[in-house]
Amino acid sequence: MRTMFQKIWERHEVVAETADTPAVLYVDLHLIHEVTSPQAFAELAARGLPVRRTDRTLGTLDHSTPTRTEQVFGGAPIAIESAARQVRALEANSAAFGVELLGLRSAQRGIVHVIGPELGLTQPGTTIVCGDSHTSTHGAFGALAFGIGTTEVGHVLATQCLLQRRPRTLGIEVSGRLAAGVTAKDLILAIIGRIGVAGGTGHVIEYHGETIRALDMDERMTVCNMSIEAGARAGMIAPDETTYAYLRRRARAPQGADWERSLEAWRELPTDPGARFDREVAFDASPVEPMITYGTNPGMAIPISGRVPARGDDPVLARALAYMGLEGGEPLRDRPVNVVFLGSCTNSRLSDLRGAARVLRGRKLARGVRMLVVPGSQQVKAAAEAEGLHRIFLEAGAEWRESGCSMCIGMNGDTVARGEYSVSTSNRNFEWRQGAGSRTLLASPLTAAACAVRGRITDPRELL
Amino acid sequence: MEPVKTLRSRTVVLAASHIDTDQIIPARFLTTTTRAGLGRQLFTDWRYGPDGAPRPDFALNRPEAAGCAILVAGRNFGCGSSREHAPWALVDYGFRAVVSTEIADIFRSNALKNGLLPVVVDEATGRWLIEHPGVEVTVDVETTTLTLPSGARARFPLEPFARYCLLNGVDELGFLLVQLPRIEAYERRKTAVS
Ligand code: SF4
């Protein structure tokens, strides 16, 4: 009896671990982007090494890449000179080492964790790594996917392998139906609130149970995406018919006879009945309400109708509240907001945009509110435009951008001003994350859209 | 990589828990294509005020912090992003070890690859160190112990291979490259079955 994690791990051990040495673990797919790769390519160049498996390596531009159309397509220079240098460095390194790059104007470019699944490259049973902690997203397909540092990016480029100790496993069983207006984002914020931001350290999480089975792939990705915010390097969900229906006929998924063969192998992956995780947690999803964060880490989340916890003598909480300009014990509801960001690898897929559009249709942003809508990929953008979602956003008064990480990390010039409150569908509310002195409240696309319409923290169920 | 065997230094303390990688090195400084010089931006948003002047009350800016190579921090240090720029910035600034009761996984892995020692100590030792900034301690890689001024020693976990690499200055990529014949054999096996 083995867990899914165990099956994938054992199949990818080139050399098994011993007391003295970690395992040599094979990597099926290596995704790279402009921010964490240049120093790795420099290391290869210095040692005269090639990229060993260019066919298992794919690059995209997302983190410091502009989202303004004129800078992507219109020939205007990239406004931030150091970002422009990074973009050029990845272009040059890809060309020099023979790695495929979905370049600035590619119709398939997008956030690294959005394009892998979208292209059908993210497949059950595979190992996937990227120099980015939210690589955990790909685990939604029953892959073992985790973030690595730049030195390890170099290891994978040169050898297609990593030296790894086997992590422990944490099973999170989720039961109960999600209430209307409550999304996968609310669920994962509630789970992190429960197990804590270090609750998954040293573990790979497998989410299972009836609630998880009922989620579509976009929702499963939102859940696995935020595993790292609970300290876990990876999150996984067993593949099932939902997974196969999503992958079937994707551009780079197996086709024809290959598809049938793959499907057969994928059906063997789920955790065997009776297999044990190192730790287990049971979570009831039915009482979960729309969630919002009040503090400076993703574990500081409350139901939107709740109150900020009393300050007490917890120095971490006191510091967070001081930064956020909030008082312990006060409700968040009806507090004014300045910026709304709909985007990031957590919530920038088509269904996220549809959800927000449902709230925004026929409505306008409240006076003084700025809203940025940044699709996760150029394919998401095209699909949203094909169904007219962009018109709903534009008519409401929001900005409609090219794909990228944008305000999630504020590297490309899309930032929140000092002291401003931003309701964001991204995954990190750290101090300064969205810009100097920015104050981030994490929430679902529905909640974000509702806050944009009212200009205040609003329960989305009032507008649905 | 230079071998790392022992380290003796006074400590500087940042008591906050959950110090994330965005605090260690903010994202706006990641638009670099080298690993040099990041120490200048270490903890920027805490070190400097909005006007760019150093905040005198921040621990790293106090005169007694000069030359300290050991950073003591609250629990769950290094959570957040996988950016290796975080250990690069700490090392460039002059730190050689980070001591906490809990250190995030990816940060710890990145730190070891750059000769920065992630030292995870028990609650009592962690609390004592936070309450006594500036004490001189010794971190010994061979025996995986941290020695307090009283002579008391605390063991810390260190993965055996990481310890071996630190003590002998072994570079992991070199180790992996030696495995290439086995990697090729694995690939042949795999294509044969799939
Ligand atoms: S959207 Fe945000 S969290 Fe996701 S990869 Fe980009 S910067 Fe990282």
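Reminder, nothing fancy here: chain letters follow the sequence lines and each chain counts from 1. Keep in mind that the numbers below use all heavy atoms, side chains included, and drop hydrogens, waters and symmetry copies.
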Set out, in order, the CA-CA distance, both residues' side-chain angles and the distance that settles side-chain contact (heavy atoms from CB on, under 4.5 Å) for A:Thr21 and B:Phe175, then state yes or no.
CA-CA 11 Å; A:Thr21 48; B:Phe175 180 88; 4.1 Å; yes
Give me the contact list for [range] versus chain A, heavy atoms only, anything under 4.5 Å, ordered by residue number.
range	answer
residues 86-98 of chain B	B:Trp88
residues 145-167 of chain B	B:Glu159, B:Pro160, B:Phe161
residues 3-12 of chain B	none

Any side-chain donor-acceptor pair under 3.5 Å between A:Ser133 and B:Ser82?
no
Any side-chain donor near an acceptor of the partner, A:Thr36 and B:Glu84, under 3.5 Å
no
Bottom line for A:Leu49: the part with an atom under 4.5 Å from chain B's heavy atoms is side chain
Heavy-atom proximity to chain B below 4.5 Å, by part of A:Ala89
side chain
Look at [X] together with [Y] and state whether they make a salt bridge at an N to O cut-off of under 4.0 Å.
X	Y	answer
A:Arg52	B:Glu187	yes
A:Arg433	B:Asp45	no
A:Arg165	B:Asp105	no

Can you list everything that forms a salt bridge (charged side-chain N to carboxylate O under 4.0 Å, His left out) with B:Arg83? Sequence neighbours excluded, please.
B:Asp22
